[in-house]
Amino acid sequence: MAKVLVVEDDTSLSARLREWLELEHHQAEIVGDGRDALNYLRAYKYDLIILDWNLPSLSGLEVCRQARSHGIATPILMLTGVSDIPDKATALDTGADDYVTKPFHFQELSARLRALLRRQTVQVANTLKVGVLVLDPEGHEVTNNGQPVQLLPKEFALLEFLMRHPNQIFSSEALLDAVWLSESEASPNTVRTHMYTLRKKLSAGGNRSPIETVHGVGYKLEA
């Protein structure tokens, strides 16, 4: 599961993008304005950005340029209605990682997203593996020491995020920004509650939960 910022001013297309991404087990946050997109990127963390070329206030190219200049390294997939190679080259030179020309098929979009997300982490056979813990992002399945673990969507998202960043410590606030949408009413206490149930499920059947609490700091998944 990835947290995706969709920057698209066509409300019909953005609604269809949100629906498709949620079917693919991702979270989608929609912004329709270039300047608002930059504000979101400075305030929240995302796993991937789908960025339209033509936007109010600031163009997609300018959003991409400023995001990179501020050190935001999140993969960017540009949506463009232009087909000229020089224009596409400009998008890549500005900092975009890939582009899709409108109109596009959602299955192609999904394939491009998976490719960009794979660049963020080492995966074997499209799965994440940390010790005896294995997570399949596409199949939405988790096993711990070969035993299946049934997780709720937010528990799955928390575990996937931690498995993509093993041995790193994250506070409840950082996990809240990484996994929950900005308009959510969730709080750090919500994160702690989900983390408690996640660790309990991972330790079922005599297994050891690889998620450790670093007291006074946060949580980490030991590799």
Side-chain angles (χ1 to χ4, degrees), residues 1-34 36-41 43-56 58-61 63-64 67 72-83 88 91-92 95-121 123 125-128 135-142 150-161 163-164 177-186:
M1 178 182 289
K3 185 177 178 182
V4 183
L5 179 66
V6 177
V7 188
E8 170 61 65
D9 63 329
D10 183 332
T11 56
S12 175
L13 177 56
S14 62
R16 286 184 286 133
L17 281 168
R18 184 201 290 272
E19 182 179 3
W20 179 263
L21 289 167
E22 289 177 350
L23 285 173
E24 295 279 291
H25 303 294
H26 300 309
Q27 291 188 88
E29 192 149 23
I30 309 297
V31 178
D33 179 274
D36 289 343
L38 277 178
N39 291 333
Y40 271 67
L41 290 173
Y44 306 106
K45 294 180 180 179
Y46 298 92
D47 299 304
L48 196 140
I49 304 161
I50 298 176
L51 180 63
D52 188 31
W53 183 293
N54 294 311
L55 293 167
L58 291 176
S59 70
L61 285 177
V63 171
C64 186
I72 297 170
T74 308
I76 295 176
L77 177 70
M78 186 79 76
L79 300 181
T80 172
V82 301
S83 56
K88 292 178 178 179
L92 296 175
D97 296 274
D98 200 356
Y99 60 83
V100 172
T101 303
K102 298 178 181 178
F104 55 84
H105 197 288
F106 281 102
Q107 290 184 345
E108 177 192 2
L109 182 71
S110 293
R112 300 290 185 95
L113 297 185
R114 287 194 296 270
L116 290 175
L117 289 171
R118 278 197 293 269
R119 297 180 191 176
Q120 297 296 95
T121 186
Q123 296 190 25
N126 293 327
T127 64
L128 298 173
L135 183 146
D136 179 0
E138 296 179 26
H140 211 67
E141 297 175 346
V142 175
Q150 302 299 321
L151 299 179
L152 297 174
K154 280 294 186 290
E155 296 166 350
F156 189 94
L158 276 171
L159 180 60
E160 182 178 351
F161 178 81
M163 290 182 72
R164 291 183 184 277
D177 286 343
V179 175
W180 273 262
L181 297 176
S182 61
E183 68 263 22
S184 169
E185 296 182 358

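For this chain, numbers begin at 1 and follow the sequence in order.
- Here the closest heavy-atom approach between residue L128 and residue M163 is recorded as O-CE, 3.5 Å.
- For the pair L113 and V4, the minimum side-chain heavy-atom distance is 4.5 Å or more.
- The closest side-chain heavy-atom distance from V63 to I76 is not below 4.5 Å.
- With sequence neighbours left out, the side-chain contact (heavy atoms from CB on, under 4.5 Å) criterion links A186 to L176, W180, S184, T190.
- Put simply, CD on E8 and CZ on R18 are 13.0 Å apart, with the number rounded to the nearest 0.5 Å.
- Qualifying side-chain contact (heavy atoms from CB on, under 4.5 Å) partners for P56, counting only residues two or more places apart in sequence or in other chains: D9, D33.
- Summarising the geometry of P75 relative to D97, their closest heavy-atom pair is CA-OD2, 3.2 Å, with the distance given to 0.1 Å.
- Applying the ring pair (Phe, Tyr, Trp, His ring centres under 6.0 Å) test to F104 and every residue at least two apart in sequence or in another chain returns F106.
- Distance CH2/W20 to CG/L13: 13.5 Å, rounded to 0.5 Å.
- Listed here is the closest heavy atom pair of L38 and A67: CD2-N, 4.0 Å.
- Checking each of L79, D52, L55 against V7 for a side-chain contact (heavy atoms from CB on, under 4.5 Å) leaves exactly one that passes, namely L55.
- Considering only residues two or more places apart in sequence or on other chains, H25 meets the ring pair (Phe, Tyr, Trp, His ring centres under 6.0 Å) condition with H140.
- Side-chain contact between L41 and T74 is absent, with no heavy-atom pair separated by less than 4.5 Å.
- Atom OG1 of T101 and atom CD of E108 lie 8.0 Å apart (nearest 0.5 Å).
- How far CG of L5 is from CG of D47: 11.0 Å, rounded to the nearest 0.5 Å.
- L77 places a side-chain heavy atom less than 4.5 Å from the side chain of L109.
- Atom CD1 in I49 sits 10.0 Å away from atom CE in M78 (nearest 0.5 Å).
- In plain terms, the two heavy atoms of C64 and G95 that are nearest each other are SG-C, 3.5 Å.
- Using a 4.5 Å heavy-atom threshold, the side chains of Y46 and Y40 count as touching.
- With sequence neighbours excluded, the residues forming a side-chain contact (heavy atoms from CB on, under 4.5 Å) with T11 are S14, listed by chain and number.
- Summarising the local packing, CD of E19 is surrounded by 12 or fewer heavy atoms from other residues, nucleotides or ligands at distances under 6.0 Å.
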CA sep, side-chain torsions, deciding dist, call: L117, H26, side chain to side chain contact (heavy atoms under 4.5 Å, CB included): CA-CA 12 Å; L117 289 171; H26 300 309; 4.1 Å; yes

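- The minimum heavy-atom distance between L51 and G60, with the atom names listed, is CD2-O, 3.2 Å.
- Residues E24 and S110 share a closest heavy-atom pair of OE1-OG, 3.3 Å.
- Atoms CG and CD, from L17 and E22 in turn, are 11.0 Å apart once rounded to the nearest 0.5 Å.
- Side-chain atoms of K154 and Q27, non-hydrogen and from C-beta on, do get closer than 4.5 Å to each other.
- Every residue meeting the ring pair (Phe, Tyr, Trp, His ring centres under 6.0 Å) condition with F161, not counting sequence neighbours, appears here in chain and number order: H165, F170.
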